[in-house]
Each structure stands twice: as C-alpha cells, then as structure tokens.
Amino acid sequence: MYALVDCNSFYCSCERVFNPKLEEKPVIVLSNNDGCAVARTDEAKALGIKMGDPYFKIKELCKKNNIHVYSSNYSLYGDMSRRVMRTLSEFSPEMEIYSIDEAFLSFKGMNKDLIQYSIEIKNTVKKYTGIPVSVGLGPTKVLAKLANNYAKKNKKQTQGVFQIGVDKESDEILKKFPVGDIWGIGSKSAMKLTLMGINTAYDLKNSNEKTIQKILTIVGRRIVEELRGVSCIELELDLSPKKQIVSSRSFGRPVFEKQELQEAIANHITTASEKLRKQQSITKSILIFVQTNPYKNTPQYHNSATMKLMSGSSTTNKLIKYSFQCLDQIFKPDYEYKKVGVIFMDIYPKKNSQRDLFSLHDSAKDDMLMQTLDNVNEFQGKGSLKFAACGVNQFWKMLSEMKSPNYTTRWTELMSIR
DNA sequence: TCTGGGGTCCTAGGACCC
DNA sequence: TCTGGGGTCCTAGGACCC
C-alpha cells in the first residue's frame, strides 16, 4: 500500500503559516517575474482564479475581491518543504520525495489501520509545520494519486484522507473520475482517449491494455495496469544526481544589449555550476539560449548554441567563458530580448572522470578555488562572492514586488513578536 | 507594460558495428 | 524470383509532471 501526501495550496499555505490573517481569505502566489498565478487557496479558486492565469489579466479581479497576492518566495517554500519532508520521513522507512510539496510513502508490511495512521500523519504535519496536507491511499502509485485528488476535492466528506482499492466501491469513484485527471495522462493523451470513447478512469481501467499501449506507448499501458491494482511504477528511493541542470529567467524589462545578456548568462552559469558541484558532477556539454517575448508584437528571434567540452568541467569561470563564446555565435543586435538561460546537458560524476591530453580538465587549483567560493557563499550568503562578469546592478532582474520576508532563512527577516 | 521555471522518460530513425 | 541477423549508441521531438 502506498500513500501520497500532498500539501494543500502549498505556497499559499506557507504564507499563511507566518501571516495568520490570511486564514480563510483568498490568497494567490505568482510565478517568477510576477507572471502567472501558480498557487491558489480554495477561496481564490472559488472566485474563478485559474491555474496559470497571467497576473495582469486578473489584477482587477484580485483588487475587487481583496485577494491577497504574493510574489513567490522560494527560500521560504524550500525551507518549509524540508520541514514537511522531515516530519513525513518519521512515518515510513521508505519515502520518495516527488516534488516540493508531495511525497510517496510505502506502507509495505505495516500492520496498521492505515486510514487512522494517515489521519495521524496529517495532524502531525499540521502541528509541527503549520502546513495542511491531504493523504491518498492506494495499492499503486497511480491509485494513491487518484485517491489524493479525490480527498482534496471532497475535503468535507473525506477530512483530507481517502483510500482507494480495486473493489466495486472504488469503481464507483473511478466512474466519476475524468480520464484527463489521472496522473500521467496529459491533454494530448486525454484527447486521443476521448476520441476512443474512454472518458473516465473506470473506462481506462477496463480497456484493452494492448490497444492502449499502441496509442500511448508503454507509459499508457503501465497506467492501465496500475489502475487495476498491479504495481508497475516503483518508489524511487535513491537520490540520483540530476541528468540535466537548467537555469533561466525572464527579464523584468526589455533587454537589447549583448553586455546585459552576458551578465545574465554569467549569473545563470553561476547558479547552475553551484548545483553541479553540489552533486559532485561535471558537465560535458553546455547550451545557452536566447529568446524574444513571444506574446509581444515585436520581431521574434530565438536561438541556441551548444558547446561540447572534451573533458568536462564544473569551474564557474571556465564555463562563463565558454558560454560567452556560445552567445557570440547566436547574438543578433536590435532584438528585444525577454529571456536567456543555460542548460548543462551531459552530466557525469566528477570522480573517475576521463582527463584529456591537453590539460583542459579542471586542475586542483580550479577545484580549490571553487571550494573556497562555495564555502564563502555558504557561510556569508548566496552571491556574497562572485565573478565580475555577473555584474553588480542587475537592472534586468525579474520583478518580485510582493514578496514576503524570508522568515526562516535570514536573521534580519525573522519575525518579531511584541 | 504585463504570460514561470525545472525536470524526466519514451520512441523513431539514423549511423554504426560484427 | 532471390541480397542476413543481431545489436548499440545517439539525437530530436513529443509528452508528461509539479
């Protein structure tokens, strides 16, 4: 048996923990650059705010209804996530952290009343962290996800905990569950299935698995089996290193100059290489991309350039240098740029990496420099020490005009209580 | 004015090997 | 008439997730 524990309106709930006035009020949190609504409380959903609604389109609606609007505060959400996960880990020896606000727990071999246990989990997380969660129970991950979805949508009846199995009673739930809401069935697959007359989870469970495999590949077939209670998707317990690392951002204002793009790219390389070193990897291929604003009626341009590195590297200054060479290949003047980013694509463990004849690999000196840099920034705060290429003004930076304090990660922003 | 960011997995087809 | 069989690796593109 699996449980899927999912935090309710996670980002909004984090804001509520430190600002209880928001309780029972409509709250939304915006994506980076104050772009779209990415988290909404039930009250905000009831007022018609949709997932991904661009903020400028709903601004009036928010004002009129006193919706509390926040820019995203990732250091807060990341820290709260760690607290939730740490709490959850005490309830099962096997846990997969699936996303910032979700985890699968395995209850294999546990001889317990699992519903009762799940209620205990829910209450403990709330008590320890202030975050409300819902729990879905099922014999497979797909069913646990489905049960969780049901629990969330029917909070009143379920109290946020729901179990689903393969019995007749569960089938009644599946009959009302839209096929497109199943974990792993996206909009494209949902469309194909609907055309075949498969509209609900129940329909999919009872369709021919070989036919489904032909249309939705092995991925779709696994979902069919999982709906039937046959577990095909395992818990992923090992913290495997990332195979790809991306850093990108939209600009807060139009950018035309190459030097500004360079500055932004240098910052992205800095972020991405920090992640790379943290997991003790090197990259053998970097990609940088630039693009104009596709929503704006201006001349459009987007392009990317890749560079292969024979021996790989995780040294920020080297990677900055290479990224500038990539930019030189694709930069065109007079375009209004909206976004740039870097992707590290061929990632390998640093240990035992192949060295090359011409000594282009990272030297012991490089490694020591990076180690020192990381130590200083760990101790003094992110960005305390950086390469000059990253610039100091960063006037192209993203908008974040309604951000709450970093309540839990900065001494200066600690809450004071009178 | 104004529309996010970061990931994974699967498949088909090409190129290559013996 | 008729031209093998078995395999790997890589890449681009598609689909999905939160």
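First the proteins, then the strands, lettered A, B, ... as listed; each starts at 1.
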Trainee: Taking only the side-chain nitrogens and oxygens of A:Lys338, find out if one of them lies under 4.0 Å from OP1 or OP2 of B:dT3.
Mentor: yes
Trainee: When you check the phosphate oxygens OP1 and OP2 of C:dC17, does a side-chain N or O of A:Lys141 lie under 4.0 Å from one of them?
Mentor: no
Trainee: When you measure from the side chain of A:Ser99, which nucleotide among C:dC18, B:dT11, B:dT3 comes out closest?
Mentor: C:dC18
Trainee: Could you tell me the separation between the CG atom of A:Leu61 and the P atom of B:dC2, rounded to a whole number of Å?
Mentor: 21 Å
Trainee: Quiz question: by atom type and distance under 3.5 Å, do the side chains of A:Tyr77 and A:Glu15 form a donor-acceptor pair?
Mentor: yes
Trainee: Would you mind reading off the distance between A:Ile233 atom CD1 and C:dC16 atom P, rounded to a whole angstrom?
Mentor: 14 Å
Trainee: Reckon A:Lys243 has a side-chain N or O less than 4.0 Å from the OP1 or OP2 of B:dC9?
Mentor: yes
Trainee: Just call it for A:Ile218: base, sugar-phosphate, or nothing, with non-hydrogen atoms closer than 4.0 Å on any strand.
Mentor: sugar-phosphate
Trainee: Nearest to the side chain of A:Val219, heavy atoms from C-beta on, is which of C:dC18, B:dT1, B:dC10?
Mentor: B:dC10
Trainee: Check the distance between B:dC9's P and A:Gln244's CD and give it to me in whole angstrom.
Mentor: 11 Å
Trainee: Report yes or no: do A:Asp53 and A:Tyr55 form a side-chain donor-acceptor pair below 3.5 Å?
Mentor: no
Trainee: With a 6.0 Å cut-off on the ring centroids, do A:Phe324 and A:Phe331 count as close?
Mentor: no
Trainee: Compare side-chain N and O positions of A:Ser31 against OP1 and OP2 of B:dT3 and report whether any pair is under 4.0 Å apart.
Mentor: no
Trainee: For a quick check of understanding: with a heavy-atom distance under 4.0 Å over all strands, which category does A:Ile97 fall into, base, sugar-phosphate or nothing?
Mentor: nothing
Trainee: Parallel, tilted or perpendicular, judged at 30° and 60°: which one describes the rings of A:Phe91 and A:Tyr117?
Mentor: perpendicular
Trainee: I want to check one thing: is the phosphate of B:dC9, taken as OP1 and OP2, less than 4.0 Å away from some side-chain N or O of A:Arg222?
Mentor: no
Trainee: Between the side chains of A:Arg277 and A:Thr316, is a donor N or O closer than 3.5 angstrom to an acceptor N or O?
Mentor: yes
Trainee: Would you say A:Ser247 reaches B:dG5's phosphate, i.e. side-chain N/O to OP1/OP2 under 4.0 Å?
Mentor: no
Trainee: Check whether any side-chain nitrogen or oxygen of A:Ser189 sits under 4.0 Å from OP1 or OP2 of C:dC16, and answer yes or no.
Mentor: yes
Trainee: For the side chain of A:Lys275, starting at C-beta, report the closest nucleotide among B:dG7, B:dT3, C:dA15.
Mentor: B:dG7
Trainee: Just compare B:dG7, B:dT3, C:dC16 and give me whichever is closest to any side-chain atom of A:Tyr295.
Mentor: B:dT3
Trainee: A:Pro241 or A:Asn32: which one's nearest nucleotide on DNA chain B is closer to the 5' end?
Mentor: A:Asn32
Trainee: Report the distance from atom CG of A:Asn293 to atom P of B:dC2, rounded to the nearest whole Å.
Mentor: 6 Å
Trainee: Between A:Arg253 and B:dC2, does any side-chain N or O lie under 4.0 Å from OP1 or OP2?
Mentor: no
Trainee: If I take atom NZ in residue A:Lys192 and atom C1' in nucleotide C:dC16, what distance separates them, rounded to the nearest angstrom?
Mentor: 12 Å
Trainee: Let me know the distance between CE of A:Met51 and C1' of B:dT3, rounded to the nearest Å.
Mentor: 13 Å
Trainee: What does A:Asp101 touch in the nucleic acid at a heavy-atom separation under 4.0 angstrom: a base, only the sugar-phosphate, or nothing?
Mentor: sugar-phosphate
Trainee: Taking the side chain of A:Trp183 as its heavy atoms from C-beta onward, which of C:dC18, B:dG5, C:dC16 lies nearest to it?
Mentor: C:dC18
Trainee: May I ask you to say what A:Ile185 touches in the nucleic acid, namely base, sugar-phosphate or nothing, with a heavy-atom cut-off under 4.0 Å?
Mentor: sugar-phosphate
Trainee: Consider the side chain of A:Ser248, meaning its heavy atoms from C-beta on, and name the nucleotide among B:dG6, C:dC17, B:dC10 that approaches it most closely.
Mentor: B:dG6
Trainee: Go through it in stages, so that I can follow the logic: the residues are A:Asn148 and A:Ser134, the test is side chain to side chain donor-acceptor pair (under 3.5 Å), and I'd like the CA-CA distance, side-chain angles, deciding distance and then a yes or no.
Mentor: CA-CA 6 Å; A:Asn148 184 283; A:Ser134 304; 5.2 Å; no
Trainee: From CD of A:Glu234 over to P of B:dC9, roughly how many Å is that when rounded to an integer?
Mentor: 14 Å
Trainee: Mapping A:Thr217 and A:Ile245 to their closest nucleotides on DNA chain B, which lands nearer the 5' end?
Mentor: A:Ile245
Trainee: Are A:Ser311 and A:His361 close enough that a side-chain donor and a side-chain acceptor fall under 3.5 Å?
Mentor: no
Trainee: At under 4.0 Å, does any side-chain N or O of A:Lys57 touch on OP1 or OP2 of B:dT1?
Mentor: no
Trainee: Could you check how far CG of A:Asp6 sits from C1' of C:dC18, rounded to whole Å?
Mentor: 9 Å
Trainee: It should be established whether A:Lys339 places a side-chain nitrogen or oxygen under 4.0 Å from OP1 or OP2 of nucleotide B:dG5.
Mentor: yes
